[in-house]
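Data block below; observations after.
Note that this is a predicted model, so its numbers are computed, not measured. Starting from 1, each residue takes its place in the sequence as its number. Computed over heavy atoms, backbone and side chain alike; hydrogens, waters and symmetry mates excluded.
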Amino acid sequence: MEKTTTNELLYGSPEEFITKIVVDHFRLQLNPLFLQQIILFLNQQKIDLYDEMAIIEFIQGIFDSGSFIEEERSYLSYSPVIGYDNLYTA
């Protein structure tokens with residue numbers, strides 16, 4: 001049996017918490033595969049999955065890096081957000 005943390009009781013799963021942050025702060029909906037990659041990276045970097053500011057800074061860094069490019073793949077697609085330079089959704 002898995003233990004439920006206080007953060008999970010207060011904020012839901014890490015996926016739910018991060019999705020809410022991205023929707024509220026960036027007005028974007030993340031592809032579930034991309035969300036899993038974010039969580040994997042945050043875990044690897046030992047960043048608390050409930051640290052709202054760290055998550056916002058991390059995602060803003062992705063947008064600011066210009067690393068998103070428009071491309072289509074069978075599992076993930078990127079497209080530009082109209083009205084924003086270097087901002088793409090996956």
Side-chain angles (χ1 to χ4, degrees):
M1 185 171 160
E2 228 178 280
K3 292 184 179 180
T4 303
T5 67
T6 304
N7 282 332
E8 287 174 307
L9 289 173
L10 292 172
Y11 307 112
S13 70
E15 291 86 354
E16 293 167 329
F17 182 72
I18 293 170
T19 297
K20 182 175 180 351
I21 290 170
V22 172
V23 168
D24 290 351
H25 189 79
F26 297 100
R27 305 288 187 239
L28 297 173
Q29 186 67 40
L30 292 177
N31 177 297
L33 293 173
F34 187 60
L35 177 60
Q36 289 304 313
Q37 290 299 312
I38 289 172
I39 290 172
L40 180 65
F41 182 82
L42 293 172
N43 278 328
Q44 289 172 342
Q45 299 300 310
K46 300 188 184 333
I47 296 172
D48 180 359
L49 297 178
Y50 292 93
D51 183 340
E52 185 172 353
M53 289 310 299
I55 293 167
I56 289 171
E57 288 174 8
F58 172 71
I59 294 174
Q60 186 65 54
I62 293 172
F63 294 144
D64 291 346
S65 73
S67 62
F68 284 132
I69 57 172
E70 185 172 357
E71 63 178 270
E72 293 285 332
R73 295 197 177 176
S74 59
Y75 60 92
L76 191 60
S77 64
Y78 303 98
S79 55
V81 175
I82 297 173
Y84 294 91
D85 295 335
N86 297 321
L87 183 59
Y88 295 80
T89 58

For residues 36-47, please give each side-chain donor-acceptor pair under 3.5 Å, one per line with the distance, not counting sequence neighbours.
from  : atom 1 : to    : atom 2 : distance (Å)
Gln36 : NE2    : Glu15 : OE2    : 3.3
Asn43 : ND2    : Ile39 : O      : 3.4

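Taking the side chain as every heavy atom from C-beta outward, Val22 and Gln29 never approach each other to under 4.5 Å. At a threshold of 4.5 Å between non-hydrogen side-chain atoms, the residues Thr5 and Lys3 do not count as touching.
Sorted by first then second residue, the salt bridge (charged side-chain N to carboxylate O under 4.0 Å, His left out) pairs that include residues 22-39, not counting sequence neighbours, are Lys20-Asp24.
Scored by the side-chain contact (heavy atoms from CB on, under 4.5 Å) test, Phe17 finds Tyr11, Ile21, Tyr50, Glu52, Ile55 as partners (sequence neighbours excluded). Legend: residues meeting side-chain contact (heavy atoms from CB on, under 4.5 Å) with Thr6, ordered by chain and number and at least two apart, are Leu10.
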- request: Just do the side-chain contact (heavy atoms from CB on, under 4.5 Å) check on Ile62 and Phe34 with the steps written out, would you?
  value: CA-CA 12 Å; Ile62 293 172; Phe34 187 60; 4.3 Å; yes
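We find the CG-CG distance between Asn7 and Asp48 to be 6.0 Å, quoted to the nearest 0.5 Å. The distance from atom CG of Leu49 to atom CD of Glu8, rounded to the nearest 0.5 Å, is 9.5 Å.
Considering every non-hydrogen atom in both Leu33 and Asn31, the closest pair reads N-OD1, 2.7 Å. The nearest pair of heavy atoms linking Ile59 to Phe26 is CG2-CE1, 3.7 Å.
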